[in-house]
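Just below is one structure, and these are the notes that go with it.
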Amino acid sequence: MWPADGVPPARPPWTGRVVTAAGVLVMVAAVAVAQRYTLFWFDPDEGCALHGRCATPESANMLRAMWWVAGAGFLLVLAGRALTWRRLPLGPRSAARFPLPPWGQAGSVALVGLAFCVVAWPVLLAGAFVPEPGIPTALCIFWLLQARLVTEVDRATGPPRRPARVEWLIGLVDSAVALAVTVGVALWLTDGGPDAAGPLLIADAATLAAVVLLGRVLPARGGQPPVPVPVRNVAGAVIAVLGVAALVALAVPWPDSAGEPVAAGPPAAAVLPTPPPEPARRTTAPAPPPAPVDAANPCLPGDLTWSVAGWDATMGSRAVTVVATQHSPHPCYLDGFAGVTLAQGGRPLRLDIVPGSMSGSGKAPTAQRVGVAPGGTASFTLFWKGYGAAADHDTPQTMSVTLPGTAAPGDVPLGEGPAPFDVVDGATMQVSGWKPGRP
(Lines give C-alpha, C1' and ligand atoms only; values in the text may rest on other atoms or scores of the structure.)
Protein backbone atom coordinates (compact mmCIF):
# COMPACT_ATOMS: atom_id res chain seq x y z
CA MET A 1 0.00 0.00 0.00
CA TRP A 2 1.11 3.54 -0.71
CA PRO A 3 1.28 6.23 1.99
CA ALA A 4 -1.56 8.65 2.51
CA ASP A 5 0.16 11.38 0.53
CA GLY A 6 -0.12 9.26 -2.63
CA VAL A 7 3.62 9.18 -3.32
CA PRO A 8 4.86 5.66 -4.13
CA PRO A 9 7.51 4.26 -1.79
CA ALA A 10 11.15 4.48 -2.84
CA ARG A 11 12.52 1.43 -4.55
CA PRO A 12 16.07 0.12 -4.25
CA PRO A 13 18.31 2.02 -6.67
CA TRP A 14 19.46 -1.14 -8.34
CA THR A 15 16.03 -2.58 -9.16
CA GLY A 16 15.56 -0.91 -12.54
CA ARG A 17 19.13 -1.56 -13.61
CA VAL A 18 18.92 -5.24 -12.70
CA VAL A 19 15.69 -5.71 -14.64
CA THR A 20 17.16 -3.84 -17.62
CA ALA A 21 20.33 -5.94 -17.54
CA ALA A 22 18.23 -9.10 -17.29
CA GLY A 23 16.30 -8.09 -20.40
CA VAL A 24 19.52 -7.46 -22.31
CA LEU A 25 20.90 -10.84 -21.22
CA VAL A 26 17.71 -12.56 -22.40
CA MET A 27 18.10 -10.94 -25.83
CA VAL A 28 21.77 -11.93 -26.01
CA ALA A 29 20.89 -15.50 -25.00
CA ALA A 30 18.30 -15.62 -27.79
CA VAL A 31 21.00 -14.61 -30.28
CA ALA A 32 23.39 -17.25 -28.94
CA VAL A 33 20.78 -20.00 -29.27
CA ALA A 34 19.71 -18.83 -32.72
CA GLN A 35 23.35 -18.94 -33.83
CA ARG A 36 23.27 -22.74 -33.53
CA TYR A 37 20.32 -22.98 -35.92
CA THR A 38 21.34 -20.36 -38.49
CA LEU A 39 22.91 -21.31 -41.81
CA PHE A 40 26.37 -19.98 -42.54
CA TRP A 41 25.97 -16.90 -44.74
CA PHE A 42 29.21 -17.65 -46.64
CA ASP A 43 28.73 -21.40 -47.25
CA PRO A 44 25.45 -22.98 -46.07
CA ASP A 45 26.44 -26.48 -47.24
CA GLU A 46 29.72 -26.43 -45.36
CA GLY A 47 28.04 -25.09 -42.26
CA CYS A 48 25.53 -27.90 -42.38
CA ALA A 49 28.17 -30.58 -42.86
CA LEU A 50 30.72 -29.32 -40.35
CA HIS A 51 28.58 -27.73 -37.65
CA GLY A 52 25.10 -29.19 -38.14
CA ARG A 53 23.53 -25.85 -39.12
CA CYS A 54 21.03 -27.17 -41.64
CA ALA A 55 17.76 -25.78 -42.97
CA THR A 56 15.22 -28.08 -41.28
CA PRO A 57 11.70 -27.53 -39.91
CA GLU A 58 13.17 -27.82 -36.40
CA SER A 59 15.67 -25.03 -37.05
CA ALA A 60 12.96 -22.79 -38.56
CA ASN A 61 10.73 -23.30 -35.50
CA MET A 62 13.65 -22.63 -33.15
CA LEU A 63 14.56 -19.39 -34.95
CA ARG A 64 10.95 -18.25 -34.76
CA ALA A 65 10.90 -19.03 -31.04
CA MET A 66 14.10 -17.03 -30.50
CA TRP A 67 12.41 -13.99 -32.04
CA TRP A 68 9.74 -14.26 -29.35
CA VAL A 69 12.40 -14.68 -26.67
CA ALA A 70 14.23 -11.58 -27.92
CA GLY A 71 10.93 -9.68 -27.87
CA ALA A 72 10.32 -10.78 -24.28
CA GLY A 73 13.80 -9.57 -23.39
CA PHE A 74 13.04 -6.16 -24.89
CA LEU A 75 9.86 -5.95 -22.83
CA LEU A 76 12.00 -6.62 -19.76
CA VAL A 77 14.28 -3.78 -20.82
CA LEU A 78 11.30 -1.42 -21.06
CA ALA A 79 10.07 -2.60 -17.66
CA GLY A 80 13.49 -1.91 -16.19
CA ARG A 81 13.51 1.58 -17.66
CA ALA A 82 10.04 2.19 -16.19
CA LEU A 83 11.23 1.09 -12.73
CA THR A 84 14.23 3.38 -13.03
CA TRP A 85 11.95 6.28 -13.97
CA ARG A 86 9.68 5.65 -10.96
CA ARG A 87 12.56 5.93 -8.48
CA LEU A 88 13.84 9.26 -9.84
CA PRO A 89 13.06 12.38 -7.76
CA LEU A 90 10.02 14.45 -8.69
CA GLY A 91 11.77 17.78 -8.26
CA PRO A 92 14.43 19.40 -10.41
CA ARG A 93 17.98 18.15 -10.30
CA SER A 94 20.97 20.09 -9.04
CA ALA A 95 22.64 22.85 -11.04
CA ALA A 96 24.96 21.94 -13.92
CA ARG A 97 28.68 21.73 -13.22
CA PHE A 98 29.63 23.13 -16.64
CA PRO A 99 26.71 25.31 -17.78
CA LEU A 100 26.68 26.06 -21.51
CA PRO A 101 24.38 28.03 -23.81
CA PRO A 102 21.96 26.04 -25.98
CA TRP A 103 24.29 25.81 -28.95
CA GLY A 104 27.16 24.71 -26.69
CA GLN A 105 25.07 22.02 -25.06
CA ALA A 106 23.88 20.76 -28.45
CA GLY A 107 27.44 20.71 -29.76
CA SER A 108 28.63 18.77 -26.73
CA VAL A 109 25.88 16.18 -27.19
CA ALA A 110 26.69 15.90 -30.90
CA LEU A 111 30.41 15.38 -30.22
CA VAL A 112 29.75 12.78 -27.53
CA GLY A 113 27.27 11.00 -29.80
CA LEU A 114 29.73 11.08 -32.70
CA ALA A 115 32.53 9.63 -30.57
CA PHE A 116 30.21 6.93 -29.24
CA CYS A 117 29.12 5.99 -32.78
CA VAL A 118 32.72 5.68 -33.91
CA VAL A 119 33.38 3.24 -31.06
CA ALA A 120 30.11 1.33 -31.46
CA TRP A 121 30.11 1.23 -35.28
CA PRO A 122 32.12 -2.03 -35.55
CA VAL A 123 29.72 -3.67 -33.09
CA LEU A 124 26.72 -2.66 -35.21
CA LEU A 125 28.46 -3.96 -38.33
CA ALA A 126 29.04 -7.27 -36.58
CA GLY A 127 25.25 -7.48 -36.09
CA ALA A 128 24.94 -8.10 -39.83
CA PHE A 129 26.86 -11.39 -39.48
CA VAL A 130 24.90 -12.89 -36.59
CA PRO A 131 21.38 -14.35 -36.55
CA GLU A 132 18.55 -11.92 -37.23
CA PRO A 133 17.63 -11.39 -33.54
CA GLY A 134 21.14 -9.99 -33.14
CA ILE A 135 20.27 -6.82 -35.06
CA PRO A 136 17.52 -5.58 -32.68
CA THR A 137 19.66 -6.71 -29.75
CA ALA A 138 22.59 -4.58 -30.92
CA LEU A 139 20.26 -1.62 -31.57
CA CYS A 140 18.73 -1.95 -28.10
CA ILE A 141 22.14 -1.91 -26.43
CA PHE A 142 23.18 1.04 -28.60
CA TRP A 143 19.99 2.91 -27.61
CA LEU A 144 20.52 2.38 -23.89
CA LEU A 145 24.18 3.38 -23.84
CA GLN A 146 23.67 6.43 -26.03
CA ALA A 147 20.72 7.57 -23.90
CA ARG A 148 22.89 7.34 -20.79
CA LEU A 149 25.57 9.48 -22.43
CA VAL A 150 23.03 12.09 -23.58
CA THR A 151 21.54 12.29 -20.08
CA GLU A 152 24.93 12.72 -18.44
CA VAL A 153 25.93 15.49 -20.86
CA ASP A 154 22.57 17.23 -20.27
CA ARG A 155 23.08 17.10 -16.49
CA ALA A 156 26.61 18.48 -16.79
CA THR A 157 25.90 21.32 -19.23
CA GLY A 158 22.20 22.22 -19.16
CA PRO A 159 20.17 24.16 -16.61
CA PRO A 160 17.66 22.27 -14.41
CA ARG A 161 14.55 23.51 -16.23
CA ARG A 162 12.49 20.34 -15.85
CA PRO A 163 11.99 17.61 -13.24
CA ALA A 164 14.72 14.96 -13.15
CA ARG A 165 12.24 12.35 -14.36
CA VAL A 166 11.39 14.37 -17.44
CA GLU A 167 15.00 15.10 -18.33
CA TRP A 168 15.91 11.42 -17.95
CA LEU A 169 13.02 10.48 -20.21
CA ILE A 170 14.10 13.10 -22.76
CA GLY A 171 17.49 11.36 -22.94
CA LEU A 172 15.81 8.08 -23.85
CA VAL A 173 13.61 9.79 -26.45
CA ASP A 174 16.56 11.72 -27.89
CA SER A 175 18.58 8.53 -28.34
CA ALA A 176 15.58 6.69 -29.82
CA VAL A 177 14.86 9.46 -32.36
CA ALA A 178 18.53 9.66 -33.37
CA LEU A 179 18.65 5.87 -33.75
CA ALA A 180 15.46 5.88 -35.85
CA VAL A 181 16.89 8.54 -38.17
CA THR A 182 20.17 6.62 -38.45
CA VAL A 183 18.35 3.38 -39.29
CA GLY A 184 16.29 5.24 -41.88
CA VAL A 185 19.46 6.58 -43.51
CA ALA A 186 20.96 3.08 -43.40
CA LEU A 187 17.90 1.65 -45.18
CA TRP A 188 18.23 4.43 -47.76
CA LEU A 189 21.88 3.48 -48.28
CA THR A 190 21.16 -0.20 -48.72
CA ASP A 191 24.18 -0.70 -50.98
CA GLY A 192 26.36 1.93 -49.36
CA GLY A 193 28.90 -0.54 -47.97
CA PRO A 194 31.68 0.78 -45.72
CA ASP A 195 31.40 4.26 -47.30
CA ALA A 196 27.97 4.66 -45.66
CA ALA A 197 29.56 5.06 -42.21
CA GLY A 198 30.07 8.80 -42.66
CA PRO A 199 26.43 9.68 -43.42
CA LEU A 200 25.22 7.45 -40.58
CA LEU A 201 27.54 9.08 -38.04
CA ILE A 202 26.53 12.57 -39.16
CA ALA A 203 22.83 11.67 -39.10
CA ASP A 204 23.03 10.35 -35.52
CA ALA A 205 25.06 13.28 -34.16
CA ALA A 206 22.98 15.91 -35.98
CA THR A 207 19.71 14.42 -34.73
CA LEU A 208 20.95 14.35 -31.14
CA ALA A 209 21.92 18.02 -31.38
CA ALA A 210 18.60 19.01 -32.97
CA VAL A 211 16.51 17.32 -30.26
CA VAL A 212 18.59 18.92 -27.51
CA LEU A 213 18.16 22.35 -29.09
CA LEU A 214 14.42 21.90 -29.35
CA GLY A 215 14.29 20.83 -25.72
CA ARG A 216 16.10 23.98 -24.64
CA VAL A 217 13.87 26.31 -26.67
CA LEU A 218 10.47 24.75 -25.93
CA PRO A 219 8.82 25.93 -22.70
CA ALA A 220 9.32 23.68 -19.69
CA ARG A 221 6.53 22.47 -17.42
CA GLY A 222 7.37 21.73 -13.84
CA GLY A 223 10.77 22.13 -12.21
CA GLN A 224 11.95 25.68 -11.72
CA PRO A 225 9.83 28.67 -12.67
CA PRO A 226 10.02 29.47 -16.38
CA VAL A 227 12.78 31.86 -17.35
CA PRO A 228 12.43 34.03 -20.45
CA VAL A 229 14.67 32.82 -23.24
CA PRO A 230 16.61 35.59 -25.03
CA VAL A 231 15.67 36.13 -28.66
CA ARG A 232 19.26 35.58 -29.76
CA ASN A 233 19.23 32.14 -28.14
CA VAL A 234 16.00 31.24 -29.93
CA ALA A 235 17.38 32.51 -33.24
CA GLY A 236 20.66 30.68 -32.69
CA ALA A 237 18.83 27.47 -31.84
CA VAL A 238 16.66 27.70 -34.96
CA ILE A 239 19.72 28.35 -37.13
CA ALA A 240 21.56 25.44 -35.50
CA VAL A 241 18.60 23.09 -36.08
CA LEU A 242 18.52 24.12 -39.73
CA GLY A 243 22.28 23.65 -39.91
CA VAL A 244 22.22 20.11 -38.57
CA ALA A 245 19.31 19.29 -40.87
CA ALA A 246 21.44 20.56 -43.76
CA LEU A 247 24.30 18.34 -42.60
CA VAL A 248 22.02 15.31 -42.72
CA ALA A 249 20.75 16.31 -46.16
CA LEU A 250 24.28 16.78 -47.47
CA ALA A 251 25.50 13.52 -45.96
CA VAL A 252 22.76 11.45 -47.58
CA PRO A 253 23.14 10.79 -51.31
CA TRP A 254 19.83 11.66 -52.94
CA PRO A 255 18.54 9.85 -56.04
CA ASP A 256 19.07 11.33 -59.46
CA SER A 257 16.50 11.42 -62.23
CA ALA A 258 17.05 7.73 -62.91
CA GLY A 259 16.16 6.86 -59.32
CA GLU A 260 19.63 5.72 -58.21
CA PRO A 261 21.37 7.32 -55.21
CA VAL A 262 24.26 9.56 -56.17
CA ALA A 263 27.00 10.13 -53.57
CA ALA A 264 29.36 13.07 -53.61
CA GLY A 265 32.69 12.18 -55.20
CA PRO A 266 35.05 12.87 -58.11
CA PRO A 267 33.57 13.56 -61.54
CA ALA A 268 32.68 10.56 -63.62
CA ALA A 269 35.28 9.34 -66.07
CA ALA A 270 34.82 10.04 -69.73
CA VAL A 271 32.71 7.51 -71.59
CA LEU A 272 34.90 5.39 -73.80
CA PRO A 273 33.66 3.96 -77.09
CA THR A 274 32.34 0.44 -76.86
CA PRO A 275 34.98 -2.01 -78.11
CA PRO A 276 33.99 -4.35 -80.91
CA PRO A 277 32.61 -7.66 -79.68
CA GLU A 278 35.12 -10.43 -79.31
CA PRO A 279 34.59 -13.64 -81.23
CA ALA A 280 32.85 -16.31 -79.26
CA ARG A 281 35.24 -18.52 -77.37
CA ARG A 282 34.99 -22.24 -77.40
CA THR A 283 33.95 -23.70 -74.13
CA THR A 284 35.04 -27.11 -73.09
CA ALA A 285 32.29 -29.29 -71.70
CA PRO A 286 32.97 -30.66 -68.24
CA ALA A 287 34.46 -34.10 -68.16
CA PRO A 288 31.81 -36.79 -67.70
CA PRO A 289 31.96 -38.82 -64.49
CA PRO A 290 33.97 -42.03 -64.77
CA ALA A 291 32.03 -45.08 -65.85
CA PRO A 292 31.17 -47.54 -63.08
CA VAL A 293 33.67 -50.35 -62.67
CA ASP A 294 32.50 -53.85 -61.84
CA ALA A 295 34.70 -55.49 -59.26
CA ALA A 296 34.18 -58.69 -57.31
CA ASN A 297 37.01 -58.41 -54.79
CA PRO A 298 37.85 -55.68 -52.30
CA CYS A 299 41.02 -53.65 -52.68
CA LEU A 300 43.91 -54.70 -50.47
CA PRO A 301 46.34 -52.29 -48.83
CA GLY A 302 49.13 -53.43 -51.15
CA ASP A 303 47.01 -52.59 -54.23
CA LEU A 304 46.90 -48.86 -53.46
CA THR A 305 49.18 -45.87 -53.26
CA TRP A 306 48.08 -42.69 -51.57
CA SER A 307 48.27 -38.97 -52.19
CA VAL A 308 46.46 -35.77 -51.17
CA ALA A 309 44.95 -33.01 -53.30
CA GLY A 310 42.72 -29.98 -52.97
CA TRP A 311 43.74 -28.43 -49.65
CA ASP A 312 41.03 -25.89 -48.85
CA ALA A 313 40.33 -23.42 -46.03
CA THR A 314 37.17 -21.34 -45.59
CA MET A 315 36.38 -19.17 -42.55
CA GLY A 316 37.86 -21.52 -39.97
CA SER A 317 36.95 -24.79 -41.72
CA ARG A 318 39.50 -26.99 -43.46
CA ALA A 319 39.27 -29.80 -46.02
CA VAL A 320 41.58 -32.04 -48.01
CA THR A 321 40.94 -34.85 -50.47
CA VAL A 322 42.76 -38.17 -50.02
CA VAL A 323 43.28 -40.05 -53.31
CA ALA A 324 43.88 -43.81 -53.67
CA THR A 325 45.45 -45.07 -56.94
CA GLN A 326 44.95 -48.74 -57.78
CA HIS A 327 47.96 -50.68 -59.18
CA SER A 328 46.82 -54.30 -59.17
CA PRO A 329 46.16 -56.08 -62.52
CA HIS A 330 42.48 -56.66 -61.72
CA PRO A 331 39.59 -54.36 -60.72
CA CYS A 332 38.79 -54.09 -57.02
CA TYR A 333 36.33 -52.11 -54.95
CA LEU A 334 36.46 -49.78 -51.95
CA ASP A 335 33.58 -49.68 -49.49
CA GLY A 336 32.66 -48.18 -46.11
CA PHE A 337 34.60 -45.34 -44.53
CA ALA A 338 38.36 -45.20 -44.39
CA GLY A 339 40.11 -45.17 -41.03
CA VAL A 340 42.46 -42.19 -40.58
CA THR A 341 45.32 -41.92 -38.09
CA LEU A 342 47.19 -38.64 -37.67
CA ALA A 343 50.45 -38.53 -35.71
CA GLN A 344 52.61 -35.58 -34.73
CA GLY A 345 56.19 -35.98 -33.61
CA GLY A 346 55.70 -39.75 -33.70
CA ARG A 347 52.76 -39.63 -31.27
CA PRO A 348 49.25 -40.42 -32.54
CA LEU A 349 46.86 -37.55 -31.89
CA ARG A 350 43.73 -38.40 -29.94
CA LEU A 351 41.15 -37.41 -32.56
CA ASP A 352 37.48 -38.24 -32.94
CA ILE A 353 37.21 -39.55 -36.53
CA VAL A 354 33.54 -39.78 -37.56
CA PRO A 355 31.70 -40.23 -40.88
CA GLY A 356 30.56 -36.97 -42.45
CA SER A 357 29.10 -35.51 -45.61
CA MET A 358 29.63 -32.25 -47.48
CA SER A 359 26.24 -32.42 -49.20
CA GLY A 360 24.52 -30.24 -46.61
CA SER A 361 21.44 -32.48 -46.54
CA GLY A 362 21.62 -32.94 -42.80
CA LYS A 363 21.12 -36.70 -43.13
CA ALA A 364 23.50 -39.31 -41.74
CA PRO A 365 26.16 -40.14 -44.36
CA THR A 366 25.96 -43.49 -46.10
CA ALA A 367 28.87 -45.38 -47.60
CA GLN A 368 28.84 -46.48 -51.22
CA ARG A 369 30.85 -49.17 -52.98
CA VAL A 370 33.18 -47.75 -55.64
CA GLY A 371 34.88 -49.99 -58.18
CA VAL A 372 38.41 -49.03 -59.22
CA ALA A 373 39.98 -50.23 -62.47
CA PRO A 374 43.74 -50.94 -62.76
CA GLY A 375 45.43 -47.54 -62.84
CA GLY A 376 42.20 -45.86 -61.73
CA THR A 377 41.57 -43.70 -58.68
CA ALA A 378 39.03 -43.19 -55.91
CA SER A 379 38.98 -40.54 -53.21
CA PHE A 380 37.37 -39.38 -49.98
CA THR A 381 37.28 -35.97 -48.28
CA LEU A 382 38.63 -35.26 -44.81
CA PHE A 383 37.36 -32.05 -43.20
CA TRP A 384 37.67 -30.42 -39.80
CA LYS A 385 37.44 -27.18 -37.86
CA GLY A 386 40.81 -25.45 -37.71
CA TYR A 387 42.31 -24.55 -34.34
CA GLY A 388 44.67 -21.90 -35.73
CA ALA A 389 47.33 -20.72 -33.27
CA ALA A 390 46.30 -23.34 -30.70
CA ALA A 391 47.71 -26.10 -32.93
CA ASP A 392 51.40 -27.06 -33.28
CA HIS A 393 52.54 -25.90 -36.71
CA ASP A 394 56.23 -26.88 -36.36
CA THR A 395 56.34 -30.52 -35.28
CA PRO A 396 56.08 -32.77 -38.39
CA GLN A 397 52.87 -34.73 -38.91
CA THR A 398 52.23 -38.06 -40.62
CA MET A 399 48.97 -39.61 -41.79
CA SER A 400 47.99 -43.20 -42.51
CA VAL A 401 44.80 -44.73 -43.89
CA THR A 402 43.32 -48.10 -42.98
CA LEU A 403 40.76 -49.81 -45.21
CA PRO A 404 37.68 -51.36 -43.58
CA GLY A 405 38.32 -54.96 -42.59
CA THR A 406 42.11 -54.64 -42.81
CA ALA A 407 44.79 -53.83 -40.28
CA ALA A 408 47.72 -52.75 -42.46
CA PRO A 409 47.83 -48.93 -42.72
CA GLY A 410 48.89 -47.10 -45.84
CA ASP A 411 51.11 -44.05 -45.47
CA VAL A 412 49.83 -40.85 -47.10
CA PRO A 413 52.47 -38.28 -48.16
CA LEU A 414 51.27 -34.84 -47.07
CA GLY A 415 53.61 -32.43 -48.86
CA GLU A 416 52.12 -29.25 -47.30
CA GLY A 417 54.66 -28.09 -44.77
CA PRO A 418 55.62 -29.96 -41.63
CA ALA A 419 52.16 -29.79 -39.99
CA PRO A 420 49.31 -29.01 -42.43
CA PHE A 421 46.55 -30.20 -40.05
CA ASP A 422 45.82 -27.45 -37.49
CA VAL A 423 44.19 -29.77 -34.95
CA VAL A 424 44.76 -30.62 -31.30
CA ASP A 425 44.02 -33.60 -29.09
CA GLY A 426 40.26 -34.03 -28.77
CA ALA A 427 39.46 -32.44 -32.14
CA THR A 428 36.82 -33.94 -34.42
CA MET A 429 37.61 -34.82 -38.03
CA GLN A 430 34.96 -36.04 -40.47
CA VAL A 431 35.50 -38.54 -43.27
CA SER A 432 33.25 -38.71 -46.32
CA GLY A 433 32.40 -41.84 -48.27
CA TRP A 434 34.36 -43.02 -51.29
CA LYS A 435 33.90 -41.30 -54.65
CA PRO A 436 35.17 -42.50 -58.02
CA GLY A 437 38.07 -40.57 -59.53
CA ARG A 438 39.88 -37.59 -58.01
CA PRO A 439 39.05 -33.86 -57.82
Side-chain angles (χ1 to χ4, degrees), residues 40 42-50 52 54-55 279-314 317-342 353-384 398-416 420-421 428-439:
F40 279 14
F42 54 89
D43 193 341
D45 291 339
E46 181 176 302
C48 181
L50 293 180
C54 308
R281 298 180 181 179
R282 292 184 177 181
T283 58
T284 303
V293 176
D294 293 329
N297 299 315
C299 297
L300 301 177
D303 299 335
L304 306 173
T305 57
W306 301 91
S307 62
V308 292
W311 292 89
D312 191 18
T314 304
S317 300
R318 312 284 189 262
V320 65
T321 300
V322 181
V323 181
T325 303
Q326 210 263 97
H327 295 289
S328 72
H330 305 288
C332 63
Y333 66 82
L334 294 167
D335 199 358
F337 295 92
V340 176
T341 301
L342 185 63
I353 309 294
V354 297
S357 172
M358 297 291 288
S359 64
S361 62
K363 299 180 180 179
T366 57
Q368 64 172 344
R369 177 172 295 186
V370 175
V372 187
T377 58
S379 61
F380 66 87
T381 302
L382 183 65
F383 45 99
W384 67 99
T398 58
M399 186 173 71
S400 60
V401 175
T402 305
L403 300 178
T406 65
D411 295 332
V412 183
L414 299 179
E416 285 286 332
F421 294 95
T428 299
M429 303 185 78
Q430 301 188 52
V431 180
S432 72
W434 290 100
K435 297 176 291 185
R438 59 183 298 159

Where is the tightest heavy-atom contact between [X] and [Y], given as atom of each residue plus distance?
{"X": "Phe380", "Y": "Gly433", "value": "CB-O, 3.7 Å"}
{"X": "Gln430", "Y": "Pro355", "value": "OE1-O, 4.0 Å"}
{"X": "Phe383", "Y": "Ala319", "value": "CB-CB, 3.9 Å"}
{"X": "Gly336", "Y": "Trp434", "value": "O-CD1, 3.2 Å"}
{"X": "Ala324", "Y": "Trp306", "value": "CB-CZ3, 3.5 Å"}
{"X": "Ala338", "Y": "Val431", "value": "O-CG1, 3.9 Å"}

Could you pull out every donor-acceptor pair under 3.5 Å between side chains of residues 403-411 and any protein atom, sequence neighbours left out?
residue: Thr406; atom: OG1; partner: Leu403; partner atom: N; Å: 3.4
residue: Thr406; atom: OG1; partner: Leu403; partner atom: O; Å: 2.7

Within-4.5 Å side-chain heavy-atom neighbours: [X] and [Y]:
{"X": "Met429", "Y": "Leu382", "result": "yes"}
{"X": "Trp384", "Y": "Ile353", "result": "no"}
{"X": "Val340", "Y": "Met399", "result": "yes"}

Nearest-0.5 Å distance, CG of residue Leu342 to CG of residue Leu414: 7.5 Å

Acceptor/donor pairs from residues 325-332 side chains to any protein atom, 3.5 angstrom cut, sequence neighbours excluded:
residue: Gln326; atom: OE1; partner: Ser328; partner atom: N; Å: 2.5
residue: Gln326; atom: OE1; partner: Ser328; partner atom: OG; Å: 2.3
residue: Gln326; atom: NE2; partner: His330; partner atom: O; Å: 3.1
residue: Gln326; atom: NE2; partner: Val372; partner atom: O; Å: 3.1
residue: Gln326; atom: NE2; partner: Ala373; partner atom: O; Å: 3.4
residue: His327; atom: NE2; partner: Thr305; partner atom: OG1; Å: 2.8
residue: Ser328; atom: OG; partner: His330; partner atom: O; Å: 2.8

